[in-house]
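My structure is below; once you've seen it, I'll send some questions.
These numbers come from a predicted model, not from an experiment. Order of the sequence lines fixes the chain letters, A, B, ..., with proteins taken first and strands second; residue numbering starts at 1 for each chain. For the numbers below, each heavy atom of this structure counts, side chains included, while hydrogens, waters and symmetry mates do not.
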Protein chains: 4
Amino acid sequence: MMNKVILIGRLTRDPELRYTPSGAPVAGFSLAVDRQFTNRQGERETDFINIVVWQKLAETCANHLSKGRLVAVDGRLQIRSYDDNQGIRRTIAEVVANEVKFLDRPKESQQGVPPKGSSIAEGESFGSEISFNEEEIPF
Amino acid sequence: MMNKVILIGRLTRDPELRYTPSGAPVAGFSLAVDRQFTNRQGERETDFINIVVWQKLAETCANHLSKGRLVAVDGRLQIRSYDDNQGIRRTIAEVVANEVKFLDRPKESQQGVPPKGSSIAEGESFGSEISFNEEEIPF
Amino acid sequence: MMNKVILIGRLTRDPELRYTPSGAPVAGFSLAVDRQFTNRQGERETDFINIVVWQKLAETCANHLSKGRLVAVDGRLQIRSYDDNQGIRRTIAEVVANEVKFLDRPKESQQGVPPKGSSIAEGESFGSEISFNEEEIPF
Amino acid sequence: MMNKVILIGRLTRDPELRYTPSGAPVAGFSLAVDRQFTNRQGERETDFINIVVWQKLAETCANHLSKGRLVAVDGRLQIRSYDDNQGIRRTIAEVVANEVKFLDRPKESQQGVPPKGSSIAEGESFGSEISFNEEEIPF
DNA sequence: TTTT
DNA sequence: TTTT
């Protein structure tokens, strides 16, 4: 009935862009979200959360985001089940993003080549894409 | 850094209440959250999301909630990894609740016996419990 | 950059439906949202929050909601300023809803006449309307 | 019953720190939150939203934040009414923050003097303060 | 498998 | 394994 997720964290790797058989772009990346409180050993733990992005927003993320970038994600929590290649039922949790906001500047390129996303101003936003009625996610 | 989840859905079964070795109450239940849009076959899918509740709120949920009840949950998405009994690494997603609001009345008891939660008014809220620095969840 | 509001509360009056000069439907209502904690006098206070709904969702709300109904609202907080008829600058806060979920059944009609919204099942949802690029709200 | 607000924006001025008669610290600042969509004239509008912070988090904000800083705020929308000095009833909307996350680095100081917040790393968080049962906000 |  |  209602399913809202809002995350702020850093990409653990560059986004991967794929296309569904019908041609819809889908991007995926993993977000490291540090917990607010430390555990009993005094360590700060972090949750690694899979993000899925569809359509135009997928291409924007693939073009402008990279490992280490800080983003805010607004989406919904989706639980998918499937059988793996050993026939074991597995369940996957992922956040399907409606909105991804870029919260920091891309790092300077080391060699004069414009880095991915170099023209994106700090804090610039990237519109909203609502994904629905799509085929299976090919990750 | 920021990790917020807000869900509205129905319990798929009665909550289970356990206690950690150190005596902290923990309750768990699964929430059925219908998706907003239907899939390409025109069916409405639903996500089944595990909820974990600690401390006093755990006992309140165990005492007053049951299968079928409608609730709103505010919490954070937590990803835990462990090795199952076949040594296969598995990962579990669950929402650790800070707040659980009861949105409907308990069903009438069939036989004059007061049902669980019968004294709880519609819409009554159950305070906020923030869980942290706790031992492993025994589900 | 990001502006999310999620509320659960009860309508303090029936929604009012208007149309902009260009014909876009807009509905408004006020939501009573009880605070979680009591104040120092031990009283529970409540916030009365103005909700604005556009387009098809406006008509759905006007047709099916009425005073006292319990709803969940997902939207954004909007601050508008204007000069009142005495030339005093005033500022208005309202939540522009993207989604309104109906969380309880309509009350039984007293006289056999079907009440507004009588065909709406408990928990039924009403799609999402995103309002933007609209003219001034005529309340 | 449920009242959640999540905002990302920039401070329009330095925070103001006050103390209630009983000694509780309260800080206030205004947040500029750009809207996602442009209006019919193609301009991007922005909402200016008052934020109130209590207790230790108030002092942390006052010490480390300043005009222009980018933050994420998690809180609740509060509507207060009062009569102004001309006896006109006025209503004020503000977000009472539970959490404030600092999303950018403080600007370099111009003259070698350590700037406010200079020891705060990018993305460092500042715990959570829940304010309740407090006296009137003295702004 | 992990980010700063 | 699933709720209405």
Partners passing side chain to side chain contact (heavy atoms under 4.5 Å, CB included) against D34(A) (at least two apart in sequence or in another chain) | R44(A), T46(A)

Rounded distance in Å - CZ (R35(A)) to P (dT2(E)) | 15 Å

Spacing of L7(A) atom CG relative to dT4(E) atom P, expressed in whole Å = 18 Å

Base, sugar-phosphate alone, or nothing: which one does G9(B) contact when heavy atoms must sit under 4.0 Å apart?
-> nothing

Give the rounded distance in Å between these two atoms: CZ of R10(A) and P of dT3(E).
-> 12 Å

Considering only heavy side-chain atoms of F48(B), the closest of dT3(F), dT1(F), dT4(E) is dT3(F)

Can you tell which of dT4(E), dT3(F), dT1(E) lies closest to the side chain of R13(A)?
-> dT1(E)

Could you state the atom-to-atom distance from CD1 of I92(B) to P of dT1(F) in whole Å?
-> 15 Å

Please answer whether the main-chain N or O of I79(A) pairs with a side-chain N or O of D47(B) as donor and acceptor at a distance below 3.5 Å.
-> yes

How many Å lie between NZ on K67(B) and C1' on dT3(F), as a whole number?
-> 8 Å

Specify the separation, in whole Å, of atom CZ of F29(A) and atom P of dT4(E).
-> 15 Å

Using whole Å, report how far CD of E94(A) lies from P of dT2(E).
-> 20 Å

Electrostatic pair K4(A):D74(A) at N-O distance under 4.0 angstrom | no

Could you state the CE-C1' distance from M1(B) to dT2(E), rounded to the nearest angstrom?
-> 18 Å

Minimum-distance nucleotide to S30(B) side chain [options: dT3(E), dT2(F), dT3(F)] | dT2(F)

Counterpart residues, side chain to side chain contact (heavy atoms under 4.5 Å, CB included), relative to N50(A) (two or more places apart) = R13(A), S30(A), E94(A)

Closest to the side chain of T12(B), out of dT1(E), dT4(E), dT2(F), is dT2(F)

